[in-house]
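Just the heavy atoms: all of them, side chains too, but no hydrogens, waters or symmetry mates, feed the values below. As the structure lists them, so they are numbered: ligands from 1, and atoms in each ligand from 1.
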Amino acid sequence: MLEEARNLFKEFKKAVKDHHEFFADSIPLIASENVTSLAVRRFYLTDFGCRYAEGKVGKRFYQGCDYIDVVEDVAIKLTKLLFNAEHANVQPISGVTANIAAFFALAKPGDVAFSLSVPCGGHISHHRFSAAGIRGVKVINYPFDMEELNIDVEETKKLAMKEKPKVFVLGASLYLFPHPVKEIEEIAKEIDAKVMYDASHVLGLIAGKEFHDPVPHSDVVTASTHKTFPGPQRAIVLSKKELSKKVDTAVFPGVVSNHHLHSLAAYVVSCMEMIEFGRDYAKQTVKNAKALAESLHELGFKVIGESKGFTESHQVAVDVTEFGGGDKVAKKLERVNVILNKNLLPWDDLSKTENPSGIRIGVQEVTRIGMKEGEMREIAEVMWNAINEKKSEEKIREEVKDLKKEFTKVHYSFDESEVYRILENFLNGI
Ligand SMILES: *Cc1c(COP(=O)(O)O)cnc(C)c1O
């Protein structure tokens, strides 16, 4: 038994080391990920992660929480400052958890919500398989304008008058252009419905003032804190003051008991990094996304949204049908250490989930490690060469490693350190 266990543990240690080396040598382009700074990571190791703090600041169910109260209070206050929010709850441990809480705060079983279909960018938690379904909410998809790549406001208004939804869900996972939050707010007011904006993907861009600000136009804003926002994996819920009680009870006791206090402490550090460096980071991220889209387009890729300038966020989406579809292309790129994901595009049927037409690219992480417009051009060329098999995979992989060599430190942070190869001593010690 012991020997088997020791072998498994060896396997584990090797995987941890290999994972870090693989990422050190790769171009990370998954739009929902980011790399935290060493300053943020240090706080994962604090004693906070060994404790419980159920309830609210100043009103806990266990003793020993005085200093945790200060940490959570600072987290709430920094969040309110960053987003100019009337109320903030920082306890949800992930975006889906935050969305379950939001649906509980805003809707009753049987109520109707308008959400974007998954091919149009909606997240699975906006649908019956996840958060919306858990609350018993009936979901109707928004009418979508394929030219504008956005919600069709006129058609939505007509449908809303007929279906009388209680919640309008905005925000998306494939998210190139800001949703019409002001127009939807007006429709919602007319029929006494609520606006729930899921900012998971774009929270860092909103914090850096590079995307529209949904907070004044939404009743509730939910968001993961680890996508464009470069924090630990958790989430926040912002809301209007009058909804604060509903939101807080939906979060606790609704969806969390312990709320991962080590990552709450790390989140505080990431908030401060965004207050200090967020504007420069967000600005460069959007510039990089536009530059990458332009380069891919010039090389001959079908980058979507051409007539609208391709993107206003951290994302770029490409229709790769002519190269065998998103599944084949994403796997091909993985073999040359370019990491991204296949993605349904708005005109795809759900039956294409396994091999959708598109790939989705996010540049927030390569921006954090210091890449600029010049590197975007190089990434586009690597992708073109790999997908068109212009060179051997081995050769391209070497080029990728070479390109990455200069970019292994996290920027826009308090501690601009190497983050990929910091585990060596630690792994040798166990
Ligand atoms: C990623 C995502 C979520 C889920 O967030 P997790 O933190 O992974 O639970 C929710 N909504 C949207 C729009 C997302 O993109």
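- A salt bridge does not link Lys227 to Glu33: none of the charged nitrogens lies less than 4.0 Å from a carboxylate oxygen.
- Within the structure, salt bridge (Lys or Arg N to Asp or Glu O under 4.0 Å) contacts touching residues 240-260 (residues at least two apart or in different chains) are Lys56-Asp248.
- Using a 4.0 Å heavy-atom criterion, the residues that approach ligand 1 are Ser94, Gly95, Val96, Asn99, His123, Ser125, Ala172, Ser173, Asp198, Ser200, His201, Ser224, His226, Lys227.
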Only pairs under 3.5 Å count here: list side-chain donor-acceptor contacts from residues 156-172, not counting sequence neighbours, and write none if there are none.
unit_1 : atom_1 : unit_2 : atom_2 : d
Thr156 : OG1    : Asp152 : O      : 2.6
Lys158 : NZ     : Glu155 : OE2    : 3.1
Lys164 : NZ     : Met161 : O      : 2.8

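- Two residues are said to be in side-chain contact when any heavy atoms from C-beta on lie closer than 4.5 Å; His262 and Phe43 fail this criterion.
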What donor-acceptor contacts under 3.5 angstrom involve side-chain atoms of residues 109-119, with partners at least two apart or in another chain?
unit_1 : atom_1 : unit_2 : atom_2 : d
Asp111 : OD2    : Lys108 : N      : 2.7
Ser115 : OG     : His126 : O      : 3.0
Ser117 : OG     : Cys120 : N      : 3.3

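- Ring pair His212/Tyr197: centre-to-centre distance below 6.0 Å.
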